[in-house]
Amino acid sequence: MNSPLQPVSRDLLEDLAAANHILSDQGVVDAFGHVSARHPARPDQFLLARNMAPSQVRPEDIVTYGLDGTPLDAGDRRSYLERFIHGSIYRARPDVMAVVHSHSPAVLPFAIAKGARLRPVCHMSGFLGGGSPLFEIRDAAGDGTDLLISSDGLGRALATDLGQADFVLMRGHGSTTVANSLKLAVYRAVYAETNAKLQMQAMQLGEPEYLTSGECDATIDSVEGQVERPWALWKAAARQRRSSTT
Ligand code: MN
């Protein structure tokens, strides 16, 4: 869509840069992985860094995209190959305001082992109670792909499998999580990784006792409302680490 660009606040650009730094500092992303926010004034656009490592993203590195993945103000800046993950989910899910895609290492085995299911085992991860469907790229594009969501068509297939859940596993690749705010999407990406570690540890001791759907709903209400606290902590930690390494 050829529509005029509307500026976004400096605060949002700084929050998006901070979200990149937090996800890197918390071990959710490394050189790869990305986080986006829907444009607050233009629901048909989203904001995502140019193609670069998350830990190095600055506010001026944020590019505006249409939902089909077309960069609107990139200039000569390169785009992430998998930007279609974000636009396709914003198109399919009007409630979603932020998306995190990662290859975080504790979650990945749940996207590899046949029959494994990532399920909520603690009160910080009630959002997993909505299910963690597994996206199988072979069903959409055959058995010769590079596993990347590198087209709008593959993005649509992923968004279809996400459905109304908050989290989707991607076989042999990683995962994507969504939320109605940037801070909550970051929180969920961090705690999905924590939950995966805890679940695997618990499985070594015995059969895990998973949260019931009632416990998931109740913990979402009480814990996710406090998202400002971990955000402030993680942001300060990431800033401290950055200042000590530069
Ligand atoms: Mn990826």
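The basis for the numbers below is simple: all heavy atoms, side chains too, and nothing from hydrogens, waters or symmetry mates.
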Each residue besides Leu211 in its hydrophobic cluster should be listed here, by chain and number; the cluster joins Ile, Leu, Val, Met, Phe, Trp and Tyr at side-chain heavy-atom distances under 4.5 Å.
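Direct or chained contacts put Leu211 with none.
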Linking Ile, Leu, Val, Met, Phe, Trp and Tyr through side-chain heavy atoms less than 4.5 Å apart, which residues share a cluster with Leu108?
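Its cluster partners, ordered by chain and number, are Ile112.
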Using the test ring-ring contact (aromatic ring centres under 6.0 Å, His included), find all partners of [X] that sit at least two apart in sequence or belong to another chain.
{"X": "Tyr187", "result": "Tyr191"}
{"X": "His39", "result": "none"}
{"X": "Tyr80", "result": "His34"}

Could you go step by step and tell me if Val63 and Leu48 meet the side-chain contact (heavy atoms from CB on, under 4.5 Å) rule?
CA-CA 5 Å; Val63 175; Leu48 176 71; 5.9 Å; no
How far does [atom1] of [X] sit from [atom2] of [Y], to the nearest 0.5 angstrom?
{"X": "Leu47", "Y": "His86", "atom1": "CG", "atom2": "NE2", "value": "11.5 Å"}
{"X": "Arg50", "Y": "Arg58", "atom1": "CZ", "atom2": "CZ", "value": "6.0 Å"}
{"X": "Ser102", "Y": "Met170", "atom1": "OG", "atom2": "CE", "value": "9.5 Å"}
{"X": "Thr176", "Y": "Ile85", "atom1": "OG1", "atom2": "CD1", "value": "4.5 Å"}
{"X": "Asp146", "Y": "Ser150", "atom1": "CG", "atom2": "OG", "value": "5.0 Å"}
{"X": "Gln226", "Y": "Glu228", "atom1": "CD", "atom2": "CD", "value": "11.0 Å"}

Side chains of [X] and [Y]: closer than 4.5 Å at any heavy-atom pair?
{"X": "Leu23", "Y": "Pro54", "result": "no"}
{"X": "Leu67", "Y": "Gln45", "result": "no"}
{"X": "Trp234", "Y": "Val190", "result": "yes"}
{"X": "Asn180", "Y": "Asp95", "result": "no"}
{"X": "Val223", "Y": "Met124", "result": "yes"}
{"X": "Phe110", "Y": "Gln199", "result": "yes"}
{"X": "Tyr65", "Y": "Ser79", "result": "yes"}
{"X": "Met97", "Y": "Ser181", "result": "no"}

Would you say [X]'s side chain and [Y]'s backbone share a donor-acceptor pair under 3.5 angstrom?
{"X": "Thr145", "Y": "Ala141", "value": "no"}
{"X": "Asp217", "Y": "Gly214", "value": "no"}
{"X": "Gln56", "Y": "Met52", "value": "no"}
{"X": "Ser88", "Y": "Phe84", "value": "yes"}

Give the intermediate values and the outcome of side-chain contact (heavy atoms from CB on, under 4.5 Å) for residues Phe127 and Leu184.
CA-CA 10 Å; Phe127 64 92; Leu184 197 52; over 6 Å; no
Determine which pairs satisfy salt bridge (charged side-chain N to carboxylate O under 4.0 Å, His left out) with at least one residue from [range], sequence neighbours left out, and list them in order.
{"range": "residues 69-90", "result": "none"}
{"range": "residues 149-173", "result": "Arg91-Asp152, Arg93-Asp166, Glu136-Arg171, Asp152-Arg156, Asp166-Arg188"}
{"range": "residues 15-41", "result": "Asp25-Arg241"}
{"range": "residues 201-211", "result": "none"}

Any idea which heavy atoms bring [X] and [Y] closest together, and the distance?
{"X": "Ala106", "Y": "Glu193", "result": "N-OE2, 3.0 Å"}
{"X": "Ala140", "Y": "Leu154", "result": "CB-CD2, 4.1 Å"}
{"X": "Ala37", "Y": "Leu16", "result": "N-CD1, 4.2 Å"}
{"X": "Ala74", "Y": "Pro71", "result": "CB-CB, 3.6 Å"}
{"X": "Val28", "Y": "Ala189", "result": "CG2-O, 3.9 Å"}
{"X": "Val100", "Y": "Val186", "result": "CG2-N, 4.2 Å"}

Are [X] and [Y] joined in one hydrophobic group, where the rule is that I, L, V, M, F, W and Y side chains link up if heavy atoms are under 4.5 Å apart?
{"X": "Leu12", "Y": "Ile22", "value": "yes"}
{"X": "Phe46", "Y": "Leu81", "value": "no"}
{"X": "Met200", "Y": "Phe167", "value": "yes"}
{"X": "Phe32", "Y": "Val29", "value": "no"}
{"X": "Leu128", "Y": "Val121", "value": "no"}

Just to verify, what does Glu14 make a salt bridge (Lys or Arg N to Asp or Glu O under 4.0 Å) with, not counting sequence neighbours?
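Listed in chain order: Arg10.
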Who pairs with Lys235 by salt bridge (Lys or Arg N to Asp or Glu O under 4.0 Å), at least two apart in sequence or on another chain?
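Salt bridge (Lys or Arg N to Asp or Glu O under 4.0 Å) list for Lys235, sorted by chain: empty.
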After noting the C-alpha distance and the side-chain angles of His101 and Thr177, does the key distance pass the side-chain contact (heavy atoms from CB on, under 4.5 Å) rule?
CA-CA 7 Å; His101 167 64; Thr177 191; over 6 Å; no
Are Leu169 and Phe135 close enough, and set up right, to give a side-chain contact (heavy atoms from CB on, under 4.5 Å), and what steps lead you there?
CA-CA 6 Å; Leu169 295 161; Phe135 173 72; over 6 Å; no
Assess whether ring pair (Phe, Tyr, Trp, His ring centres under 6.0 Å) is satisfied between His173 and His103, documenting all intermediate values.
CA-CA 6 Å; His173 178 175; His103 317 134; 4.9 Å; yes
NZ/NE/NH1/NH2 to OD/OE distance under 4.0 Å, Asp143 and Arg138
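No, Asp143 and Arg138 are not salt-bridged.
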Pair Ser36, Tyr90: side-chain N/O donor-acceptor within cut-off below 3.5 Å
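Distance-only check passes for Ser36 and Tyr90.
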Have Ser9 and Asp11 got a donor and an acceptor in their side chains that come within less than 3.5 Å?
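No - no donor-acceptor pair under 3.5 Å links their side chains.
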Take a 6.0 Å sphere around CD of Gln240 and say whether it holds more than 12 heavy atoms from other residues, nucleotides or ligands.
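Incorrect, the count does not exceed 12.
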Do any pairs count as a side chain to side chain donor-acceptor pair (under 3.5 Å) and have a residue in residues 111-134, sequence neighbours left out, and if so which ones?
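Matches after skipping sequence neighbours: Ser125-Asn195.
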